[in-house]
Amino acid sequence: MSEFIRNDQELRRLEELQHLRSAGINPYPAVFEKTHSSATILSTFSDEAPAASYAVTVAGRIMAIRKMGKATFCHIQDAEGKIQIYIKKDDLPEFYELLPMLDIGDIIGIEGYVFRTRTGEVSVHSRTATLLCKSLTPIPVPKEETDEFGNKIVHDAFADKEMRYRRRYVDLIVNPQIRDVFRKRSKIITTMRRFFDDRGWLEVETPILQPLYGGASARPFTTHHNALDIQLSVRIALELYLKRLLVGGLDGVYEISKNFRNEGMDKTHNPEFTMMEIYVAYKDYVWMMEMTEELVSTIAKEVNGSLEVEVGGNLINLAPPYRRATMFDLLKDATGMNLRGLNREELLIAARKLNVEVEATSSQMKVLDEIFSQTVQPSLIQPTFVMDFPVEMSPLAKAHRSEDGLVERFELYVNGDELTNCFTELNDPIDQRERLEQQASIRADGDDEAMQLDEDFLYSIEVGMPPTAGLGIGIDRLVMLLTGQDSIRDVLFFPQMKPENKQ
RNA sequence: GAUCCCGUAGCUCAGUGGUAGAGCAUCUGACUUUUAAUCAGAGGGCCGAUGGUUCGAGACCAUCCGGGAUCACCA
């Protein structure tokens, strides 16, 4: 923060830097050839092998220094873990003179051989040592201790959530276990991509800056393009552009990318979040349920080696098939009432009977949704496909083939949260126009989350989109599920924060 | 927006109206297999800010600033 006001510890490090430079040391050299990671050394060391011949070069950040006079032990941390370094004055007298100039947080490279210390720790006995980066700012140093029962006690942990999010780079150094969450996140996305690619579907990119936003009900961020002198919205969904590609004859397309919604933030919402949407021609939502089951279980197995995952105290089994139930059946089971076809006033009466709190101004669909989220949703712990929503809730989904007033749509709920959303996509241009005009009139009545009328999109649907199934997955929520995290902030490297305001 | 909570050393925190504290980190010295290394010493603070109550405030009160959590909003 206060870049120009340095504390005594920082001032001392600056002095050390000057000392090193005047001693002819480059504190920031360009390259270092390393041959081993800490984890590789620890996993391949054998007491039988002749230690002296096991030469390694490692590099990492100094996390602890224990000086014993003419010998010093350090722990350095690299991407995969920590390893102890043993430095003896006799072996490298010149470097040893510089040792007082080094601090926790500096990055060094060590060439040496692997051995086991008297107390049993596999370590690197250094023959040469090189400073690779002098650190000017002290990092919080947690200390770990193992008590007599083998429990790990961490002292002085860097635990302040706010600071951990703001200074994620420090968090990653000091709390290296969180790296696993992000490794899993990466693997989840890689696995998903491979799953789709193996089936011949095409990964595409569509515009983030859009003259008209659509595909979901949400408020957008807006910006201005100077050259064209127009207002552009930052996308809230991928849907409408991906469907245009279906019209264009691409039979299976998907996109994994950020969406942006100018709305509140909480444990499951961040203003920018990662969405995957996929559209496959000639398929419907029933097919997509099977595909979803296969996708989710494949990813879970690949990432966790297991189909069971514990999150929020619930043990969740992701083995297919998943329970399928219609929205109104679930509502009937939970409330004892048949809510299908009720108008706004009737739904309000039902809500009152059920002690569901709704705002007096809520629309019909909002009341229904509120009843659902308070009575049904919390019970959907094990994976459940909630099927067949009212048409008013789903302006881009195809009318149900046999049920009046409903559309062919499902949402997959796991652990009480919505994980995916899917429709048999609406490709009847007349019906689509009516629905979007309906949205436009709701919008005109003041609901700024209703969809805008996108004539070009309607034109594309008139050109003709094949029968298509579409699926959206909130990647962040999938990552939360598969890593057992209960806040979206813990699966994002840099969650949105209020700007830091120092007075 | 509502409610609740937090702000003391670089870090983690204690301090319940009477001279500002601990551990770690930092500095000096000792120590050639240590591991929260140890031992001996040292420095480091506008106690978030302002006002008030009081003989006396880090503590109590008010306001403000900074931040967090929960709720609401986000179908």
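In what follows, every chain begins at residue 1, and chains take the letters A, B, ... in the order their sequences are listed. Note: hydrogens, waters and symmetry copies are ignored here, and every other heavy atom, side chains too, is used.
- Rounding to whole angstrom units, CZ of residue A/R167 and P of B/C11 are separated by 9 Å.
- Between B/C27 and B/G67, the distance separating the two C1' atoms is 33 Å to the nearest Å.
- Here B/A69 presents its P atom at 12 Å from CZ of A/R164, a figure rounded to the nearest Å.
- Nucleotide B/G56: unpaired (no Watson-Crick or G-U wobble partner with both distances less than 3.5 Å).
- We find that A/D431 and A/K398 are not joined by a salt bridge, their nearest charged nitrogen and carboxylate oxygen being 4.0 Å or further apart.
- Atoms CG (A/L102) and P (B/C27) sit 11 Å apart, rounded to a whole Å.
- Of the residues in residues 62-87 of chain A, those with a non-hydrogen atom less than 4.0 angstrom from any atom of RNA chain B are A/R66, A/K67, A/M68, A/G69, A/K70, A/A71, A/F73, A/H75, A/Q84, A/Y86.
- Atom CD in A/E15 sits roughly 15 Å away from atom P in B/U26 (whole-Å rounding).
- With both ends at atom C1', the span from B/A30 to B/G10 equals 26 Å, rounded to whole Å.
- A ring-centre distance under 6.0 Å is found for A/Y54 and A/H36.
- Between A/T420 and the options A/V414, A/L478, A/I473, a side chain to side chain contact (heavy atoms under 4.5 Å, CB included) holds for only A/I473.
- Across B/G44 and B/U28, the matching C1' atoms stand 15 Å from one another, rounded to whole Å.
- Within 4.0 Å (heavy atoms only), A/D90 reaches at least one base atom of the nucleic acid.
- Base pairing analysis places B/C31 opposite nothing; no Watson-Crick or G-U wobble pair with both distances below 3.5 Å involves it.
- Spacing of P atoms, B/U16 relative to B/A59, comes out at 12 Å, to the nearest Å.
- Checking B/U12 for Watson-Crick or G-U wobble geometry (two distances, each under 3.5 Å) identifies B/A22 as its partner.
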If you restrict it to nitrogen or oxygen atoms, what contacts under 3.5 Å exist between nucleotides 70-73 of chain B and the protein, and what is each distance?
| from | atom 1 | to | atom 2 | distance (Å) |
| --- | --- | --- | --- | --- |
| B/C73 | OP1 | A/E359 | OE2 | 3.4 |
| B/C73 | N4 | A/D266 | OD2 | 3.1 |

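- Among B/U32, B/A25, B/U33, the nucleotide with an atom closest to any side-chain atom of A/K88 is B/U32.
- The separation of B/C71 from B/C13, taken at their C1' atoms, amounts to 30 Å, rounded to a whole angstrom.
- Across every strand in view, B/G45 sits unpaired, with no contact that passes the Watson-Crick or G-U test at under 3.5 angstrom.
- Applying the side chain to side chain donor-acceptor pair (under 3.5 Å) criterion to A/Y285, with sequence neighbours excluded, gives A/D388, A/H400.
- Screening residues 103-125 of chain A for salt bridge (Lys or Arg N to Asp or Glu O under 4.0 Å) gives A/R12-A/D103, A/R13-A/D103, A/D47-A/R116, A/D103-A/K134, A/D106-A/K134, A/E111-A/R127 as the qualifying pairs, with residues at least two apart or on separate chains.
- Toward the 5′ end of RNA chain B lies the nearest nucleotide of A/R13, the other residue of the pair A/R13 and A/S123 mapping further downstream.
- Remark: the separation of the C1' atoms in B/C60 and B/A2 is 26 Å, to the nearest Å.
- With sequence neighbours excluded, no residue satisfies ring pair (Phe, Tyr, Trp, His ring centres under 6.0 Å) with A/Y28.
- Evaluation of the ring pair (Phe, Tyr, Trp, His ring centres under 6.0 Å) rule for A/Y213 yields no partner, not counting sequence neighbours.
- Nucleotides B/U26 and B/C11 have their P atoms positioned 14 Å apart, rounded to a whole Å.
- Here, B/A57 and B/U3 have their P atoms 31 Å apart, quoted to the whole Å.
- Note: CD1 (A/I104) to P (B/A36) measures 14 Å, nearest angstrom.
- Considering OG of A/S217 and CE of A/M451, their distance stands at 4.5 Å, rounded to 0.5 Å.
- Using a cutoff of 4.0 Å between basic side-chain nitrogens and carboxylate oxygens, A/E411 and A/R409 are scored as salt-bridged.
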Base contacts versus sugar-phosphate-only contacts with protein, heavy atoms under 4.0 Å: please encode nucleotides 39-45 of chain B as B, S and - from 5' to 3'. ----B--
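- Rounded to an integer number of Å, the gap from A/Q496 CD to B/G67 C1' is 16 Å.
- The distance between atom CE of A/M163 and atom P of B/C11, rounded to the nearest whole Å, is 8 Å.
- Remark: A/D490 engages A/K161, A/Y165 in a side chain to side chain donor-acceptor pair (under 3.5 Å) (not counting sequence neighbours).
- Using modelled atom types, one side-chain atom of A/E277 and one backbone atom of A/E239 make a donor-acceptor pair closer than 3.5 Å.
- Summarising the geometry, the separation between CG on A/L11 and C1' on B/A25 is reported as 16 Å, rounded to the nearest angstrom.
- Mapping A/R489 and A/S394 onto RNA chain B via the closest heavy atom, the residue that lands nearer the 5' end is A/R489.
- Salt bridge present: A/E437 and A/R433 bring a charged side-chain N and a carboxylate O closer than 4.0 Å.
- Across the strands present, B/U70 finds its partner in B/A2; the criterion is a Watson-Crick or G-U wobble pair with both atom distances under 3.5 angstrom.
- For A/Y322, the ring pair (Phe, Tyr, Trp, His ring centres under 6.0 Å) partners are A/F385, not counting sequence neighbours.
- With sequence neighbours left out, A/Y86 forms a ring pair (Phe, Tyr, Trp, His ring centres under 6.0 Å) with A/F73, A/F115, A/H125.
- When the side chain to side chain donor-acceptor pair (under 3.5 Å) test is applied to A/T375, no partner is found at least two apart in sequence or on another chain.
- Contact of the A/P176 side chain with the A/Q77 side chain is registered, since non-hydrogen atoms from C-beta on lie closer than 4.5 Å.
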Below 3.5 Å is the cut-off: list the nitrogen or oxygen pairs between protein and nucleotides 2-4 of chain B, distance only.
none

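- Look at B/A36: it lacks any Watson-Crick or wobble partner with both distances under 3.5 angstrom.
- Using N1 to N3 plus N6-O4 or O6-N4 for Watson-Crick, or N1-O2 and O6-N3 for G-U wobble, each under 3.5 Å, B/U50 pairs with B/A62.
- Base-pair partner of B/G17: not found among the strands shown (Watson-Crick or G-U wobble, both distances under 3.5 Å).
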